[in-house]
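Hydrogens, waters and symmetry mates are skipped; everything else that's a heavy atom, side chains included, is used. In the text below, chain A, chain B and the rest are named by the order of the sequence lines, each starting its count at 1.
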2 protein chains.
Amino acid sequence: MNNYTTILRAHGLKVTPQRLAISDAIGTHGHIKIEDLYTLMLKEFSSISLATIYKNINVMVQNSFIQEVKIPHTKSVYELTKEAHSHLVCSECTEVEDISLDIYDFINKADSQTSFLIQKADVVFSGICKKCQ
Amino acid sequence: MNNYTTILRAHGLKVTPQRLAISDAIGTHGHIKIEDLYTLMLKEFSSISLATIYKNINVMVQNSFIQEVKIPHTKSVYELTKEAHSHLVCSECTEVEDISLDIYDFINKADSQTSFLIQKADVVFSGICKKCQ
DNA sequence: CTCTGTGCAAAGCGTTTGCAAACGA
DNA sequence: TCGTTTGCAAACGCTTTGCACAGAG
């Protein structure tokens, strides 16, 4: 019984080889674009359809198994849902990394400055990654 | 001589009635989606083309006259370029508001935790706006 | 056995492109 | 006048849909 079998079921998703492979690819890569995911999947399932990728990404997002990360000037990437965290993106190579930062103070500061009831903050830091420096 | 005539020229953009109207709409609304901008423009130029909207939005973004703001779970909005600031979005009505927060400490903290050279942070707070509470 | 997921082909939708005419400087 | 912008129509790319068959539970 694979790693993701239980998690998929816990999210109300039937377990199929395609879903296991998609989960594994996202888990392994951390952050992945649709087109890269498709390329990866083709190596494992030579006749997998892009429609299957999209249908699964959509249902997985709906069931909170994965999440979309919107990034300035680039395509969205998908990641497994995990504890709240922020993102770093390299403006050269568009590589994405996670970063754990305490943002409660930040959210409170924002909350005290507006009439909105603030629930969360999506933060994307842009910079140059080690490799590209 | 309209408000935006000078600013458009300063950004190297020829002044046309369509560009003035687009600038004015973005300035007045603060944040606007392409489709809403098109609807607004149609009232003023009954035969304006969506292609004109897109061409202008693209050249205006390239020349840093305006900026795209990517927002989780919704379509992007465009705003006039101004001093760095963060955004609030209402998860009910998707209304977008600006908020000025000092993020230097935040950026420094992030910078010290990673090997990236961090240059900026795009922050989108999500919550419930006054009207929707 | 029943319901859901898959793959394929077609449709859909937002965005871009090419072109001739109109316009800005 | 010359180069740019506009509007239109066609093309494009990404995403979704409908359907028949295969597979999960």
Can you tell me the distance, in whole Å, between the [atom1] atom of [X] and the [atom2] atom of [N]?
| X | N | atom1 | atom2 | value |
| --- | --- | --- | --- | --- |
| B:Ile57 | C:dT17 | CD1 | C1' | 18 Å |
| A:Glu35 | D:dC14 | CD | P | 7 Å |
| B:Met41 | D:dT5 | CE | C1' | 16 Å |
| A:Leu50 | C:dA9 | CG | P | 13 Å |
| B:Phe45 | D:dT6 | CZ | P | 9 Å |
| B:Leu13 | D:dT6 | CG | P | 10 Å |
| B:Lys55 | C:dA22 | NZ | P | 16 Å |
| B:Tyr38 | C:dC13 | OH | P | 15 Å |

Under 4.0 Å between any heavy atoms, over every strand shown, what does [X] touch: base, sugar-phosphate, or nothing? Just pick one.
| X | answer |
| --- | --- |
| A:Gln18 | sugar-phosphate |
| A:Val15 | sugar-phosphate |
| A:Lys75 | sugar-phosphate |

Check the orientation of A:Tyr4 and A:Phe65. Use parallel for under 30°, tilted for 30 to 60°, and perpendicular for over 60°. perpendicular
B:Arg19 side chain near D:dT4 phosphate (N/O to OP1/OP2, under 4.0 Å): no
Reckon A:Asn56 has a side-chain N or O less than 4.0 Å from the OP1 or OP2 of C:dG5? no
Determine whether more than 12 heavy atoms belonging to other residues, nucleotides or ligands lie under 6.0 Å from atom CD of A:Glu95. no
5'-most by nearest nucleotide on DNA chain D - B:Lys14 or B:Ser47: B:Lys14
Ring centres of B:Phe106 and A:Phe106 under 6.0 Å apart? yes
Taking the side chain from A:Asn56 and the backbone from A:Arg19, do they hold a donor-acceptor pair closer than 3.5 Å? no
Using heavy-atom distances to pick each residue's nearest nucleotide on DNA chain C, tell me which of B:Thr16 and B:Ala51 is more 5'. B:Ala51
I want to confirm an ordering. Mapping A:Ile48 and B:Ile34 to their closest nucleotides on DNA chain C, which one lands closer to the 5' end? A:Ile48
Assess the residue pair A:Ser76 and A:Glu68 against the criterion (side chain to side chain donor-acceptor pair (under 3.5 Å)); give the C-alpha distance rounded to whole Å, side-chain angles, the decisive distance to 0.1 Å, and a yes or no. CA-CA 6 Å; A:Ser76 289; A:Glu68 180 182 2; 2.6 Å; yes
